[in-house]
Amino acid sequence: MEHDGDVIAELTADHREVEEYFARFDQAPPGSEERKRLVDALTIELVRHSVAQEHYLYPAVRKYLDGGHALADKELADHARIEHLLNALQQRQALDEDFEHLVRRLRTEVTAHVDDEENDLYLQMRSNVDADVLQELGDKIRRSKKTAPIRPHPAAPDEPPAGKALAPGLGLVDRVRDHLTSRRHT
């Protein structure tokens, strides 16, 4: 998908990519390596997306929106649940007994989170934040995703400044680990 525009366009494009991974997962044969590969690719996309949001979007939500602290805290709680599911899936193979169940739970969590963001949070941002700020946030998020971690790190801090400082290092470690294990990025 094309990635440009403001923060809302950027993150919405990510959401469509995630939906596409779930659709491709549904089309792959149950228990197949293709399903495991798609979950790995989905994990990479979700982790990069989440880290970028945690570093740039949620601090802006806290700054610009009435009730922004509560909104950001709710979004971070959603991310924590999703990251724990992603971590559990990284420990499973496609033939494992609970693999399909974990993917269904992940889809439920991700779908609810996306609906919340697109039907509430993004509308509030569009109404309350200057277009130049939204564009700048989109640029920052695109840059952040290039070095963000690509594996779940549930114990890592999810808020700046600690999370922002650790993310590039974790991203590098993840990429080296994937190279050594031949895990493919799509």
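This structure is a prediction, so every number in the text was calculated from the model and none was measured.
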Novice: Quick check on R92: does its CZ atom have over 12 non-hydrogen neighbours (other residues, nucleotides or ligands) under 6.0 Å away?
Specialist: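 Check passes, neighbour count above 12.
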
Novice: Looking only at the side chains, is there a donor atom on one of Q90 and T43 sitting less than 3.5 Å from an acceptor on the other?
Specialist: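 Yes, T43 and Q90 have a side-chain donor paired with an acceptor closer than 3.5 Å.
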
Novice: Of all the heavy-atom pairs spanning R35 and P30, show the shortest one and how long it is.
Specialist: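 Where R35 meets P30 most closely, the heavy atoms are NH1-CA, 3.6 Å.
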
Novice: How far apart are the closest heavy atoms of K145 and A52, and which atoms are they?
Specialist: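 Closest approach of K145 to A52, heavy atoms only: CG-CB, 3.8 Å.
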
Novice: Nearest 0.5 Å please: distance from the CG atom of L46 over to the NE2 atom of H15.
Specialist: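 Output value for this atom pair is 9.0 Å.
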
Novice: Other residues, nucleotides and ligands only: do more than 12 of their heavy atoms fall within 6.0 Å of CG on D130?
Specialist: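 Buried by this count: over 12 neighbours within 6.0 Å.
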
Novice: Has N119 got a side-chain atom pairing as donor or acceptor with D115's backbone, closer than 3.5 angstrom?
Specialist: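 Between the backbone of D115 and the side chain of N119 there is a qualifying donor-acceptor contact (under 3.5 Å).
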
Novice: So which atom in V129 and which in Y64 form the shortest heavy-atom distance, rounded to 0.1 Å?
Specialist: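 Residues V129 and Y64, closest heavy atoms: CG2-CB, 3.5 Å.
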
Novice: Quick check: does any side chain N or O of Q135 sit under 3.5 Å from a backbone N or O of G5, one acting as donor and the other as acceptor?
Specialist: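 Judged by distance alone, yes, a pair lies under 3.5 Å.
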
Novice: Which of these, E117, R62, Q124, sits in a side chain to side chain contact (heavy atoms under 4.5 Å, CB included) with L71?
Specialist: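 Among the candidates, only Q124 passes.
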
Novice: Specify the closest pair of heavy atoms between A94 and S32, including all atoms of both residues, with the distance to one decimal.
Specialist: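 Heavy atoms of A94 and S32 come nearest at CB-O, 3.2 Å.
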
Novice: So how far is it from E109 CD to R104 CZ, rounded to the nearest 0.5 Å?
Specialist: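 Those atoms lie 14.0 Å apart.
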
Novice: If you count every heavy atom of other residues, nucleotides or ligands that lies below 6.0 Å from E34 atom CD, does the total exceed 12?
Specialist: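 Buried by this count: over 12 neighbours within 6.0 Å.
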
Novice: Mind checking the CG-CG spacing from L89 to N87? Nearest 0.5 Å is all I need.
Specialist: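 Result: 9.0 Å between the selected atoms.
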
Novice: Under 3.5 Å, is there a donor-acceptor pair linking the side chains of Q53 and H79?
Specialist: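 There is such a pair (donor and acceptor under 3.5 Å, judged by atom type) between the side chains of Q53 and H79.
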
Novice: Short question: side chain of S144, backbone of I141 - any donor-acceptor pair under 3.5 Å?
Specialist: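 Not confirmed, S144 side chain does not pair with I141 backbone.
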
Novice: Partners of R107 by side chain to side chain contact (heavy atoms under 4.5 Å, CB included), sequence neighbours excluded?
Specialist: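 Here the qualifying residues are F22, F25, D26, T111.
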
Novice: Give a yes or no on whether the ring-centroid distance for H69 and Y58 is below 6.0 angstrom.
Specialist: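 Centroid separation for H69 and Y58: 6.0 Å or greater.
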
Novice: Look at the side chain of D6 and the backbone N and O of A9, then say whether any donor-acceptor pair between them is shorter than 3.5 Å.
Specialist: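 Here the side-chain-to-backbone pair exists.
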
Novice: Would you mind checking if R37 and D40 are paired as a salt bridge, meaning a charged N to carboxylate O distance below 4.0 Å?
Specialist: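 A salt bridge is absent here (no side-chain N lies under 4.0 Å from a carboxylate O).
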
Novice: Where is the tightest heavy-atom contact between A60 and M125, given as atom of each residue plus distance?
Specialist: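 In terms of heavy atoms, the two residues are closest at CB-CE, 4.1 Å.
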
Novice: Identify whether the distance between the nearest side-chain nitrogen and carboxylate oxygen of R16 and E118 falls below 4.0 Å.
Specialist: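 Yes, R16 and E118 are salt-bridged.
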
Novice: Give me the one residue out of L57, L11, D116 that meets side chain to side chain contact (heavy atoms under 4.5 Å, CB included) with L121.
Specialist: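 Output: one option passes, namely L57.
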
